Engineer: 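I'd like to ask some things about the structure below.
One-based numbering, in listed order, for ligands and for the atoms of each. Computed from a prediction, not measured in an experiment: that's the story for all the values here.
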Amino acid sequence: MIKRKVVLRFPASVVEYPFIYTLAKEYNVVANILKANINPRKEGRMVVELSADDKDFDAAMDFLQSRGVIVLPLEQQVNWLEDRCTQCGACTVICPTEALWMKRPEMTVSFNGEKCVVCEHCLKACPARAVEALYLSGE
Ligand code: SF4
Ligand code: SF4
């Protein structure tokens with residue numbers, strides 16, 4: 001069994017195709033949508049957690065890629081720049097998954113990329129620009 005968080009990027013030409021339905025029906029892939037930004041006739045982006053048997057998962061990835069969908073591993077998407085961080089703690093208050101968290105009793109901020117769902121709350125909250133979403137510039 002594979003369980004993996006990924007970012008799916010849909011070209012505008014296929015953005016209205018029912019990918020999540022097809023993944024479930026044809027490939028037995030359970031998709032837990034964590035975040036989605038889909039608009040008619042525009043490129044779309046979705047953060048999902050996909051669960052499936054190994055064989056089904058591989059077949060589903062082949063299907064997505066054959067339709068022009070780009071699949072990116074989620075852990076590459078958010079980068080915490082420790083050197084820039086002033087340890088103000090603002091991000092740890094709003095982070096919904098405790099990916100950014102305050103280590104106690106040291107009271108130092110840490111980042112666990114495994115827990116990050118790329119909601120981008122911390123990007124807006126951070127006064128030091130110490131968190132960056134790599135997919136914004138890296139694609
Ligand atoms: S993007 Fe969201 S989940 Fe990830 S560290 Fe920032 S606030 Fe937390
Ligand atoms: S909001 Fe920015 S500067 Fe403050 S603790 Fe979080 S990452 Fe560091």
Engineer: How many protein atoms of type N/O/S are positioned less than 2.8 Å from atom 2 (Fe) of ligand 1?
Structural biologist: 1
Engineer: Verify side chain to side chain contact (heavy atoms under 4.5 Å, CB included) between L8 and L64, making sure each step is shown before the conclusion.
Structural biologist: CA-CA 9 Å; L8 303 179; L64 289 173; 4.0 Å; yes
Engineer: Non-hydrogen atoms of F111 versus ligand 2: any pair closer than 4.0 Å?
Structural biologist: no
Engineer: Check ligand 2 against W80 and write out every atom of the ligand that is under 4.0 Å from a heavy-atom position of the residue.
Structural biologist: 7 (S)
Engineer: For E114, does its backbone N or O pair with a side-chain atom of K5 as donor and acceptor, under 3.5 Å?
Structural biologist: yes
Engineer: For A36, is there any backbone N or O sitting under 3.5 Å from a side-chain donor or acceptor partner on R45?
Structural biologist: no
Engineer: Looking at S51 and K3, what are the two nearest heavy atoms and their distance?
Structural biologist: OG-CG, 3.5 Å
Engineer: Looking at R4 and E49, is there a salt bridge between them, counting it only when a charged N and a carboxylate O are closer than 4.0 Å?
Structural biologist: no
Engineer: Can you spot which of D58, L23, V69 makes a side-chain contact (heavy atoms from CB on, under 4.5 Å) with F63?
Structural biologist: L23
Engineer: Taking only protein atoms, how many N, O or S atoms are found under 2.8 Å from atom 4 (Fe) of ligand 2?
Structural biologist: 1
Engineer: Kindly indicate, with the supporting measurements, whether the criterion side chain to side chain contact (heavy atoms under 4.5 Å, CB included) is fulfilled by I33 and M46.
Structural biologist: CA-CA 7 Å; I33 300 173; M46 191 182 283; 4.0 Å; yes
Engineer: Check the hydrophobic clustering (I, L, V, M, F, W, Y; side-chain heavy atoms under 4.5 Å; chains of links allowed) and say if I70 and V6 are grouped together.
Structural biologist: no
Engineer: With clusters defined by side-chain heavy atoms of hydrophobic residues (ILVMFWY) lying less than 4.5 Å apart, directly or transitively, does W101 cluster with V109?
Structural biologist: no
Engineer: Should the heavy atoms of other residues, nucleotides or ligands under 6.0 Å from CD of E98 be counted, would the total exceed 12?
Structural biologist: no
